[in-house]
Amino acid sequence: MRYGSAMLDLRQVGDHLDEVKTQLARRGYDDGATLDRLAALVSSRSQAIVELEECQRERNEAAQAMGKIADKSSAEFAERRESLKGLKERMKALETTRNEVEAELEDIVLGLPNLPHESTPDGKDESANVVVREWGEKPAMDFTPKDHVELGDALGILDFDRAAKITGARFVVLRGLAARLERGLMQLMLDMHVDQHGYEEVWCPALVNADSLRGTSQLPKFASDLFHIERHQELEAQGGGGQDLFLVPTAEVPVTNLHRDEILEDLPKAYAAYTPCFRSEAGSYGKDTRGMIRQHQFDKVELVRFCTPEDAIEQHALLTQHAEKVLQALGLHYRVVELCAGDLGFGAAKCFDIEVWLPAQNAYREISSCSWFGDFQARRLKARYRSEPKGKPRLLHTINGSGLAIGRTLVAILEQHQRADGSVTIPEALRPYVGGAEVIEAK
RNA sequence: GGAGAGGUGGCCGAGUGGUCGAAGGCAACCGCUUGCUAAGCGGUCGUACGGUCAAAAGCUGUACCGGGGGUUCGAAUCCCCCCCUCUCCGCCA
């Protein structure tokens with residue numbers, strides 16, 4: 001009945017089961033039994049539907065004929081009515097069967113990741129990711145680089161202790177120039193994307209409903225990564241149930257859902273949005289506990305593009321370049337890596353990560369992840385487009401990427417632009433956004 | 001939070017149990033007209049899934065009138081729950 005919620009094309013799964021298995025295996029999904037079960041469900045589903053529709057047709061014809069009998073109290077009418085009761089029972093049974101099949105089907109299908117695009121390199125994990133290009137070079141330092149926590153503490157601009165007091169672990173209080181840089185970075189990024197790269201600026205709710213999260217595929221599988229706001233608990237206790245809301249983990253969710261259940265006629269569309277992002281970070285205990293690399297709350301400017309399948313590769317590359325421009329403007333050394341199939345996110349078919357150089361960690365760290373989802377999200381979202389006025393609607397493609405994660409950008413600025421005395425040079429492009437300040441130094 | 005009114009096709013808007021996928025209008029598209037001229041006439045004009053077909057077109061079946069459930073031989077129309085919008089009051093950045 002409603003198959004829009006499927007993430008993979010069910011017909012494809014049914015008709016090309018082996019191919020789907022092979023593709024999913026590339027990203028480490030090897031549950032062949034579930035896929036076999038899925039294929040079986042697909043066919044029993046269509047069987048049930050065909051049968052049910054046949055009954056519905058019968059019923060409709062009979063009911064229509066009865067409507068034409070003028071005398072509703074006649075014996076003929078009563079007789080017909082009785083004879084239809086059996087059909088009604090049969091339909092109920094068929095409906096039950098169909099519902100059961102659909103429920104199981106949906107369960108499986110919503111949990112299946114996307115198929116990697118053919119151009120996505122093979123590989124099991126991040127060690128097989130491919131470095132596509134590098135920009136700039138590691139800043140030369142004739143001293144031992146400090147990390148941003150140490151720098152920020154000495155400069156009096158990052159306060160983790162008080163954040164822990166106010167809220168808890170994995171939060172930060174930014175003070176003085178750090179707070180101002182955070183705000184300035186947000187403006188700089190939005191201005192670049194809007195004025196130079198042609199994105200439409202949008203401002204969205206930071207709380208979204210479950211339908212939206214299903215649309216972009218955070219739900220149902222990744223509920224534990226989200227902060228969840230419960231409303232109307234008293235109603236829920238009565239079995240009614242209000243609508244629960246979730247804090248957005250990324251602007252991808254509200255922005256991509258802008259076009260849920262819509263048929264667009266003017267592609268491509270490009271949106272840039274700032275939102276705070278909230279992540280529970282369940283399962284990452286002990287990982288990046290120091291500093292502001294991995295926080296429960298951070299700011300991000302997100303880029304989202306909607307396009308035709310034909311344009312997608314090009315649009316994906318374009319979006320990635322737009323994100324890179326921000327790092328270039330800030331004079332931050334980075335590299336772009338293409339994720340291998342095994343390291344791909346759940347919904348992505350192809351993905352470029354932009355990794356910024358952090359001297360204190362002696363490592364490149366992800367600062368943006370630019371993903372192309374094919375029609376995976378579009379199918380869940382029922383987001384389509386029409387290429388001609390009377391043309392048939394087709395699923396569009398979605399692409400998104402951070403442009404950039406602001407907190408990590410701040411970290412990179414502190415660490416890459418630090419000087420021997422512990423002060424930090426503010427990149428020129430950013431100065432107009434922070435009241436002309438050129439350096440961060442201890443007071 | 002309290003009281004009330006509503007949610008119908010791209011838009012407006014009829015429709016209170018059968019002949020309704022849904023009047024009429026607008027917009028759009030395609031023709032025709034060119035002495036009613038910022039016009040006239042005719043036609044087309046939702047989506048999804050399935051069947052037919054070599055395929056497309058066409059034809060055809062089913063579902064969808066905010067969402068879910070129920071009553072009935074039959075529901076856009078009746079009943080229940082939910083969501084949303086609007087108006088008034090209260091509160092409030």
Side-chain angles (χ1 to χ4, degrees), chain A residues 1-15 41-103 105-106 109 203 205-215 229-246 257 259-266 375 378-396:
Chain A
M1 219 150 117
R2 48 258 111 131
Y3 278 83
S5 52
M7 64 178 17
L8 292 180
D9 184 349
L10 284 181
R11 200 173 304 165
Q12 190 190 358
V13 176
D15 294 352
L41 286 168
V42 169
S43 77
S44 47
R45 172 186 150 253
S46 55
Q47 226 173 68
I49 288 179
V50 167
E51 243 181 285
L52 182 60
E53 287 191 353
E54 177 57 26
C55 288
Q56 287 169 326
R57 194 185 55 79
E58 249 180 74
R59 178 205 58 195
N60 291 350
E61 279 173 5
Q64 221 163 72
M66 286 179 73
K68 289 192 176 117
I69 296 174
D71 182 2
K72 309 289 195 235
S73 57
S74 66
E76 187 199 355
F77 192 86
E79 201 178 297
R80 277 170 171 267
R81 189 168 57 206
E82 283 313 307
S83 71
L84 281 175
K85 287 194 169 158
L87 181 63
K88 202 178 167 184
E89 292 310 308
R90 205 172 132 226
M91 286 177 64
K92 270 198 176 139
L94 281 170
E95 268 174 51
T96 306
T97 308
R98 187 206 52 193
N99 290 345
E100 283 165 3
V101 170
E102 287 194 341
L105 200 53
E106 189 170 280
V109 99
W203 186 93
L207 284 168
V208 294
N209 59 35
D211 282 344
S212 293
L213 287 157
R214 256 189 295 275
I229 311 290
E230 289 175 37
R231 299 197 299 180
H232 304 160
Q233 281 171 308
E234 64 290 343
L235 281 173
E236 227 146 7
Q238 292 163 21
Q243 221 185 10
D244 283 8
L245 296 179
F246 299 80
N257 275 279
H259 296 304
R260 167 150 54 91
D261 291 318
E262 291 187 9
I263 300 173
L264 304 180
E265 315 219 324
D266 50 337
D375 60 16
R379 182 169 289 110
R380 295 171 152 236
L381 292 159
K382 297 193 197 74
R384 292 163 294 170
Y385 75 100
R386 226 191 287 270
S387 43
E388 301 155 37
K390 296 278 176 193
K392 215 178 142 73
R394 298 169 65 199
L395 290 170
L396 48 74

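Chain naming here is simple, since letters A, B, ... match the order of the sequence lines and numbering starts at 1 in each.
For the pair A/E262 CD and B/rU47 C1', the computed distance is 14 Å after rounding to whole Å. Going from atom CD of A/E61 over to atom C1' of B/rG61 covers 10 Å, rounded to whole Å. Rounded to whole Å, the distance from CG on A/D261 to P on B/rA48 is 12 Å. Remark: C1' of B/rC49 and CD of A/E51 are 17 Å apart, rounded to the nearest angstrom.
Residue A/A63 places its side chain closer to B/rC73 than to any other of B/rG46, B/rU19, B/rC73. Nearest to the side chain of A/R384, among B/rG18, B/rU47, B/rU72, sits B/rU47. Comparing B/rG46, B/rU62, B/rG18 by their nearest atom to the side chain of A/Q56 picks out B/rU62.
A/K85 comes within 4.0 angstrom of the backbone, heavy atoms only, and of no base. Counting non-hydrogen atoms under 4.0 angstrom, A/R57 reaches the backbone sugars and phosphates but no base.
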I'd like a list of close polar pairs between nucleotides 50-60 of chain B and the protein, N/O only, cut-off under 3.5 Å.
unit_1 : atom_1 : unit_2 : atom_2 : d
B/rG50 : OP1    : A/R11  : NH2    : 3.3
B/rG50 : OP2    : A/R11  : NH2    : 2.3

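The salt bridge (charged side-chain N to carboxylate O under 4.0 Å, His left out) analysis of residues 57-67 of chain A, with sequence neighbours excluded, yields the pairs A/E54-A/R57, A/R57-A/E61.
For the pair A/D375 (side chain) and A/L395 (backbone), a donor-acceptor distance under 3.5 Å is absent. Within the 3.5 Å criterion, the main-chain N or O of A/R214 finds a donor-acceptor partner in the side chain of A/R380.
Residues A/E89 and A/K92 are not paired through a salt bridge, judged by the lack of any N-O separation under 4.0 Å between the basic side chain and the carboxylate. Checked for salt-bridge contact, A/R80 and A/E76 meet the test: a charged N lies under 4.0 Å from a carboxylate O.
Taking atom P on both nucleotides, B/rC59 is separated from B/rC26 by 25 Å, rounded to a whole Å.
The side chain of A/N60 contributes no N or O atom lying less than 4.0 Å from OP1 or OP2 of B/rG18. For A/R386 and B/rU47, the shortest distance from a side-chain N or O to OP1 or OP2 is below 4.0 Å.
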- Dot-bracket for RNA chain B, please, read 5' to 3', with Watson-Crick or G-U wobble pairs under 3.5 Å on both distances, ( ) within the strand, [ ] crossing, | other strand, . unpaired. ((((((((.[[[..)..(.....]]].(((((.......))))).(((((((.....))))))).[[[[[..)....]]]]])))))))....
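Sparse packing is recorded around CZ of A/R90, with 12 or fewer heavy atoms of other residues, nucleotides or ligands lying under 6.0 Å away.
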- Task: Before giving the answer on side-chain hydrogen bond (donor to acceptor under 3.5 Å, both in side chains), spell out for A/R260 and A/S212 the whole-Å C-alpha distance, their side-chain angles and the decisive distance to 0.1 Å.
- Result: CA-CA 8 Å; A/R260 167 150 54 91; A/S212 293; 2.8 Å; yes
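The two residues A/I49 and A/E102 make their nearest non-hydrogen contact at CD1-OE2, 4.4 Å.
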